[in-house]
Amino acid sequence: MPWISDHVARLDPETFYFQFHNLLYAYGRNCSYICYRVKTWKHRSPVSFDWGVFHNQVYAGTHCHSERRFLSWFCAKKLRPDECYHITWFMSWSPCMKCAELVAGFLGMYQNVTLSIFTARLYYFQKPQYRKGLLRLSDQGACVDIMSYQEFKYCWKKFVYSQRRPFRPWKKLKRNYQLLAAELEDILG
DNA sequence: ATTTTCAAT
């Protein structure tokens, strides 16, 4: 698979501000980004294992969502059966129903891996199948949450070429977060 | 309150 090692470490500020804008109805965000962080344990102490950014890719007419790209890379290059991992995803779009099923299956298969998801926006959140996907992930033990100011600020510092400039929150960040969090709460019951 | 979408007209 050609996309296995094709990910980037950091985002440009403009890309981050546009792609992670937490709108309920986002225009023109025709791609998806995952800023990821993987933690493992050495002698029972948590240690940072890896971090970076994945995005979706179209290769030879095949669409590969960022979640699938991450899992392909992680399973092929990183995952060891005798180690425990905690993965955190900061996503621009929440997973589609197919990716939700894929990731839930992955979590079911690898009991040594746990996952926390923070998403900036909810993908097709009015469609029942997409809502069920998120519920399925949650039922499989994934923590699913909406990115708040705290997560945006963290991502800005960790995953963006911010050149020591401070994170500048956009208008209605907090209000949008509240609306999305209420929607997610409804989805997850 | 908003009506978009891991592109394709």
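Here is how names work: the chains are called A, B, and so on, in the same order as the sequence lines, proteins then strands, and each is numbered from 1. Predicted model, so just to flag it, every value in this text is computed and none were measured.
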Self-check item: Test ring-ring contact (aromatic ring centres under 6.0 Å, His included) applied to A/Y177 - qualifying residues, sequence neighbours left out
Solution: none
Exercise. Let me have a per-nucleotide readout for nucleotides 2-9 of chain B, 5' to 3', with B, S or -, counting only protein heavy atoms under 4.0 Å.
Key: BBBBBBS-
Quiz prompt | Results of side-chain hydrogen bond (donor to acceptor under 3.5 Å, both in side chains) for A/S66 - residues two or more places apart only | solution = A/S32
Practice problem: Using the P atom as the reference point in each nucleotide, state the distance between B/dA7 and B/dT3 in Å, no decimals. | Solution: 23 Å
Quiz item: Between B/dT9 and B/dT5, how far is it from one C1' atom to the other, in whole Å?
Solution: 16 Å
Under 3.5 Å, which donor-acceptor pairs link side chains of residues 39-51 of chain A to any protein atom two or more places apart or in another chain?
unit_1 : atom_1 : unit_2 : atom_2 : d
A/T40  : OG1    : A/E83  : OE1    : 3.2
A/T40  : OG1    : A/C84  : O      : 2.7

Self-check item: A/S148: side-chain hydrogen bond (donor to acceptor under 3.5 Å, both in side chains) partners, not counting sequence neighbours
Solution: A/E151
Quiz item: Residues two or more places apart in sequence or in another chain: which of them pass side-chain hydrogen bond (donor to acceptor under 3.5 Å, both in side chains) with A/S92?
Solution: none
Quiz item: Between B/dT4 and B/dA8, how far is it from one C1' atom to the other, in whole Å?
Solution: 15 Å
